[in-house]
Amino acid sequence: MFKKLGIAAALATAIALPASAQDFGSKADIDFANQLWSALQTARLVGPDRINVQPFEGNEPHGAIQQAYATTVAVGGRTARVLVKANHGGPDVDVSAVYDNPNKHLGAYTVMFKREAGYDSENKDWFWAKYNPAGELDKNPKGAAIAGRFMKGADKGCIACHTAAGGEDLETLTSK
Ligand code: HEC
């Protein structure tokens, strides 16, 4: 009897994790990422009609040629800093090919948006997201959307690499 209860209690604990225990890919993260995408589109920082800034040669994993935007946008009534990187790649891609045709070689947008204090205080409160050119969220190998605190601890992901790459505020190098 006690044994059974113990198992039931353990199962209940395992299943009923508080929402905050999920670091990324939750419904709330996906909703937020969709709102962020709309704000970015309105500001013409993503999408086929985005502002065509000068491309430059970059490093893995962000694509051989990149475009970077650093500004502020409002999401859910809160205005905060956003960094957008358009990642371009493919055979024979170079800076002038991307400038002339900014959507042809586009692989993904990687975005950092500064959330409210306490969202992820260990990691400077950034919300991380990766979208395809149409604005759909990319997924990790386990099928979870890349949106939120992606990923903490030893797991490979935006936060792990940006922490290792250093840089003030986990912003890295390119948009300085
Ligand atoms: C393996 C390391 C690594 C991973 C993983 C990584 N990044 Fe980066 N990121 C960098 C480096 C290095 C730079 C700067 C140099 C460059 O882009 O070539 C950068 C730059 C950026 C920038 C431009 C900001 C700036 O100040 O330069 C954004 C935005 C960004 N990353 C978002 C993301 C997101 C979102 C993810 C996850 C989906 C991610 N990064 C995963 C290493 C990484």
Side-chain angles (χ1 to χ4, degrees), residues 22-26 28-47 50-75 79-90 93-95 97-99 102 105-116 119-176:
Q22 192 174 347
D23 289 331
F24 63 92
S26 70
D29 292 322
I30 293 169
D31 288 348
F32 191 89
N34 289 336
Q35 285 183 59
L36 175 58
W37 177 264
S38 302
L40 295 174
Q41 217 170 15
T42 305
R44 297 185 57 218
L45 303 171
V46 297
R50 72 185 182 285
I51 300 158
N52 194 17
V53 296
Q54 179 62 42
F56 55 91
E57 290 182 18
N59 301 303
E60 289 304 321
H62 282 300
I65 308 292
Q66 307 175 359
Q67 292 172 295
Y69 306 79
T71 181
T72 57
V73 287
V75 181
T79 300
R81 181 157 171 83
V82 71
L83 303 167
V84 177
K85 191 182 280 287
N87 302 250
H88 305 268
V93 65
D94 61 18
V95 162
V98 168
Y99 191 76
H105 307 279
L106 182 63
Y109 296 101
T110 39
V111 180
M112 300 164 64
F113 178 77
K114 194 68 132 178
R115 294 288 304 257
E116 62 281 5
Y119 170 75
D120 186 7
S121 19
E122 292 159 56
N123 298 297
K124 310 284 187 187
D125 297 318
W126 290 107
F127 180 91
W128 307 79
K130 183 172 181 186
Y131 305 90
N132 72 12
E136 291 152 357
L137 287 167
D138 195 6
K139 296 201 165 117
N140 78 350
K142 289 181 182 161
I146 298 183
R149 293 166 286 210
F150 186 79
M151 297 170 63
K152 303 181 79 154
D155 294 318
K156 291 219 180 348
C158 324
I159 295 174
C161 187
H162 278 242
T163 305
E168 186 191 343
D169 213 20
L170 303 192
E171 294 181 23
T172 48
L173 317 158
T174 45
S175 54
K176 294 289 151 62

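Just so it is clear, the values below take in all heavy atoms, side chains as well, and ignore hydrogens, waters and symmetry mates. In listed order, ligands and their atoms are each counted from 1.
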Open item on the list: Taking a cutoff of less than 4.0 Å between a non-hydrogen atom of the residue and any ligand atom, is Ala160 in contact with ligand 1?
Closed with: no
Task: Heavy-atom check, side chain of Thr110 versus side chain of His62, under 4.5 Å - done: yes
Open item on the list: Just so I know, are the side chains of Phe24 and Asn140 near enough to count as touching, which here means a heavy-atom distance under 4.5 Å?
Closed with: yes
Task: Contact atoms of ligand 1, heavy-atom distance to Val111 under 4.0 Å - done: 35 (C)
TODO: For Met112, counting its heavy atoms only, list the atoms of ligand 1 lying under 4.0 Å from any of them.
DONE: 28 (C), 29 (C), 30 (C), 32 (C)
Open item on the list: Is the ring pair Tyr119/Phe127 parallel, tilted or perpendicular, if the boundaries are 30 and 60 degrees?
Closed with: tilted
TODO: Flag the pair Trp128 / His162 as yes when their ring centroid distance falls below 6.0 Å, and as no otherwise.
DONE: yes
Task: N, O or S from His62 under 2.8 Å to atom 8 (Fe) of ligand 1 - done: yes
Open item on the list: With respect to Gln66, determine whether any N or O atom, backbone or side chain, lies less than 3.5 Å from an N or O atom of ligand 1.
Closed with: yes
Open item on the list: Heavy-atom contact check, 4.0 Å cutoff: does Ala129 meet ligand 1?
Closed with: yes
Task: 4.5 Å side-chain heavy-atom contact, Phe150 and Lys130 - done: no
Open item on the list: Just so I know, are the side chains of Asp23 and Met151 near enough to count as touching, which here means a heavy-atom distance under 4.5 Å?
Closed with: no
Task: cation_pi(Arg115, Phe32) dist<6.0 Å, angle<=45 - done: yes
Task: Donor + acceptor pair across side chains of Gln67, Asn52 (<3.5 Å) - done: yes
TODO: Give the numbers and elements of all ligand 1 atoms closer than 4.0 Å to a heavy atom of Cys161.
DONE: 1 (C), 2 (C), 3 (C), 4 (C), 5 (C), 42 (C), 43 (C)
Task: Lys85-ligand 1 polar pair, N/O distance under 3.5 Å - done: yes
Open item on the list: If the cut-off is 2.8 Å, does any N/O/S atom of His162 fall short of it from atom 8 (Fe) of ligand 1?
Closed with: yes
Task: Per-residue contact class, Asp138 against ligand 1 - non-hydrogen pairs under 4.0 Å - done: neither
TODO: Using a 4.0 Å heavy-atom threshold (strictly under), name the region of Cys158 that reaches ligand 1: side chain, backbone, both or neither.
DONE: both
